[in-house]
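Data first, discussion second: the structure below is written as structure tokens.
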Amino acid sequence: MNVRVRFAPSPTGYLHIGGARTALFNWLFARHTGGKFILRIEDTDLARNTQEAVEVILNGLRWLGLDWDEGPTTGNADDPSRGDAGPYFQSRRMERYRRRVEELRDKGLAYERDGTIRFRMTREPVTIADEVVGTVRRELTDREALDPDFVIVRSDGQPVFHLVNVVDDLEMGITHVIRGEDHLSNTAKHLELFRAFGAPPPRYAHIPLILNPDGSKMSKRDQGASLSGYLEQGYVPAAVVNYLCLLGWSPKDDRQLLPMGEVIERFDLPQILRANARFDMTKLQWLNFEYIKRLDPAAFRAHALPVLERAGIHAGRYPVEYIDAALATCREKIKVFADLPPFADFYFQDEFGYEPGAAGKEFIPVNRPRVARLREGLAGLEPFDAARVQELFKAVAGELGVKVGVLVHPARLACTGRAVGPSLYHLIEVLGRERVVARLDRALAQGFESNG
RNA sequence: GACCCUAUCGUCUAGUGGUUAGGACACUACCCUUUCACGGUAGCGGCCGGGGUUCGAAUCCCCGUAGGGUCGCCA
């Protein structure tokens with residue numbers, strides 16, 4: 001069988017993390033089976049549908065690395081698309097829906113009522129053979145028992161989700177529908193629609209939902225719900241994908257970091273878990289950290305620069321060698337790139353204030369001669385590297401009869417304006433003698449000054 | 001209200017009749033240490049409850065309970 005799966009989002013202006021995982025599982029199944037992954041835009045509700053909203057979806061999928069074999073190439077429905085089962089925008093398929101509704105009416109399976117067209121739904125329980133959940137016998141609810149028929153064309157002439165979804169899956173030759181479990185109950189309707197068209201239905205696979213940490217439904221406003229948030233905070237897309245793989249699926253061994261190639265090789269529908277999973281931002285951050293550690297300098301820089309720029313730090317103006325040396329000292333300090341600015345800002349700007357609390361604690365009279373002594377030592381240090389800087393600090397500490405930490409704290413504050421940051425010795429090497437001495441001088445002149 | 005799905009540490013999970021119930025994140029303690037981190041070592045912590053079936057249930061069945069989903073002229 002030539003597998004054809006699809007991801008069919010509605011362009012609401014954002015891509016939900018759960019939607020992203022649905023897309024991922026579809027993509028994995030397509031790649032695993034050598035089938036096709038199709039992207040279809042369900043834009044039947046014209047009111048909230050813009051080209052920009054579609055772009056958000058496309059960009060999200062591209063960012064995750066989920067390439068589609070058929071579907072739109074841009075957010076504009078009029079631009080050429082890829083694949084010959086199109087159009088891939090439902091707003092461009094209205095004539096097909098109209099013909100299908102005609103077909104149902106001719107067969108006596110649809111009729112008009114209250115200005116709408118309704119499908120004559122079965123009164124019997126429907127059995128759903130689900131690849132993930134197993135066999136489900138779905139009976140009518142009390143309301144459905146009163147009136148089982150459902151609207152397929154609104155009074156304004158627009159076709160409704162259940163109809164268009166089925167028509168498209170049918171006409172696009174979709175073989176497996178992998179979607180959120182919130183559609184499981186709807187599947188009875190879809191199965192009956194396929195029967196009405198005299199077509200064999202696709203296989204269904206309903207995957208569990210992603211819930212908030214407290215177990216409630218994750219909706220638009222919830223923390224971590226929007227994929228664009230991860231993009232903005234500088235997550236490594238591979239880490240996000242890896243995390244999503246771990247929600248509702250398992251490689252069965254105890255590994256957490258999964259090479260995509262292996263996931264594709266091992267992924268299959270029956271092994272998908274049936275229970276909903278709660279979203280754990282902390283574990284995602286840990287995974288992201290693992291991926292950050294493995295980034296080569298150029299990739300690390302590529303992630304860092306936009307985040308710094310957004311924070312008002314124009315690091316791009318500096319030589320690449322300097323940027324990389326600076327970023328190297330921050331590497332194991334951050335879990336997400338959004339954490340980077342306070343660790344790296346002082347590398348790229350000379351005018352900075354001192355953390356108030358730390359200044360009051362470190363820029364005290366007794367520390368003044370100590371900093372002055374360090375300043376003299378650093379001014380003459382040769383070669384000016386981290387190892388020699390460390391030796392100097394230890395020597396001065398011994399000479400003054402204090403612990404190294406006593407020198408480190410005020411020196412760090414003077415050089416960076418902050419109480420925490422990268423390794424002091426390494427940051428001093430990267431900054432270079434000239435700027436370090438200048439910063440110590442400034443602290444001596446201004447920092448201690450303001451503290452009496 | 002009805003219908004459907006689900007149920008192993010706080011979280012993500014391994015486990016498909018016999019295991020000291022394993023791993024990861026988080027948490028705690030200690031070590032390392034120039035801050036914050038990283039890293040290392042150790043530890044805490046779980047089979048929702050009740051009935052069955054069985055020589056033996058986390059594993060199979062039933063009933064509860066809890067959580068989630070659906071029942072729309074949204075998708």
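All chains are named by letter (A, B, ...) in the order of the sequence lines, taking the proteins before the strands, and each is independently numbered beginning at 1.
- Counting only heavy atoms from C-beta on, Leu246(A) has its side chain closest to C12(B) among U34(B), U70(B), C12(B).
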Report each atom pair, protein N/O against N/O of nucleotides 57-68 of chain B, whose distance is under 3.5 angstrom.
residue : atom : partner   : partner atom : Å
G68(B)  : O2'  : Asn276(A) : ND2          : 3.0

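- The pairing partner recorded for G64(B) is C48(B), the criterion being a Watson-Crick or G-U wobble arrangement whose two distances lie under 3.5 angstrom.
- Here C38(B) is in the syn range [glycosidic angle within 90° of 0].
- Note: Ile17(A) CD1 to Ser226(A) OG = 8.5 Å, rounded to the nearest 0.5 Å.
- Nucleic acid contact for Tyr425(A): base, since at least one base atom lies under 4.0 Å from a heavy atom of the residue.
- Place Glu144(A) and Arg21(A) on RNA chain B by their nearest nucleotides, and Arg21(A) ends up nearer the 5' end.
- Contact of Thr141(A) with C3(B) (side chain to base): no donor-acceptor pair of N or O atoms is detected under 3.5 Å.
- Looking at heavy-atom distances under 4.0 Å, Leu424(A) makes contact with a base.
- Backbone-only contact: Gly248(A) has heavy atoms under 4.0 Å from sugar-phosphate atoms and none from a base.
- Under 4.0 angstrom from either OP1 or OP2 of G23(B) there lies no side-chain N or O belonging to Lys252(A).
- Between the CZ atom of Arg137(A) and the C1' atom of C5(B) there is a distance of 16 Å, given to the nearest Å.
- Residue Ser250(A) has no polar side-chain atom (N or O) positioned under 4.0 Å from OP1 or OP2 of C12(B).
- With A75(B), A2(B), G39(B) as the candidates, the nucleotide lying closest to the side chain of His162(A) is A75(B).
- Rounded to the nearest 0.5 Å, atoms CZ (Arg388(A)) and CD (Glu391(A)) are 5.0 Å apart.
- Residue-level contact check: Pro208(A) touches neither bases nor backbone, having no heavy atom under 4.0 Å from any strand.
- Contacts of Arg138(A) with the nucleic acid, taken as non-hydrogen atoms under 4.0 Å apart, involve only primed sugar atoms and P, OP1 or OP2.
- Within the nucleic acid shown, Ile128(A) has no heavy atom closer than 4.0 Å to any nucleic acid atom.
- Taking both residues in full, the closest heavy atoms of Phe337(A) and Gly234(A) are given as CD1-O, 3.0 Å, listed atom of the first, atom of the second, then distance.
- In this structure, CZ on Arg118(A) lies 6.0 Å from OH on Tyr111(A), to the nearest 0.5 angstrom.
- For Lys333(A), the side-chain atoms get nearest to C36(B) when compared with the rest of G22(B), C36(B), C73(B).
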Heteroatom pairs (N/O) under 3.5 angstrom, protein to nucleotides 25-33 of chain B:
none

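- Look at NE2 on His183(A): it is 15 Å from P on G72(B), rounded to the nearest Å.
- Across U13(B), A75(B), C4(B), the shortest atom-to-atom separation from the side chain of Glu42(A) is found for A75(B).
- Within the shown strands, nothing qualifies as a pairing partner of U16(B) under the Watson-Crick or G-U definition with both distances less than 3.5 Å.
- Taking the nucleotide of RNA chain B with the nearest heavy atom to each of Glu139(A) and Val164(A), the more 5' of the two is matched to Glu139(A).
- When the nucleotides U34(B), A75(B), U13(B) are ranked by their closest atom to the side chain of Val408(A), U34(B) comes out on top.
- Listed nucleotides G69(B), C12(B), C73(B) differ in distance to Val151(A); the shortest reach to its side chain belongs to C73(B).
- Rounded to an integer number of Å, the gap from Asp147(A) CG to C71(B) P is 14 Å.
- Straight-line distance between the P atoms of A57(B) and G18(B): roughly 11 Å, to the nearest whole Å.
- Checking the phosphate oxygens (OP1, OP2) of G72(B), no side-chain nitrogen or oxygen of Arg154(A) falls inside 4.0 Å.
- Using a 4.0 Å heavy-atom distance criterion, Asn186(A) is classed as a base contact.
- Nucleic acid contact class of Asn165(A) (heavy atoms, under 4.0 Å, all strands): none.
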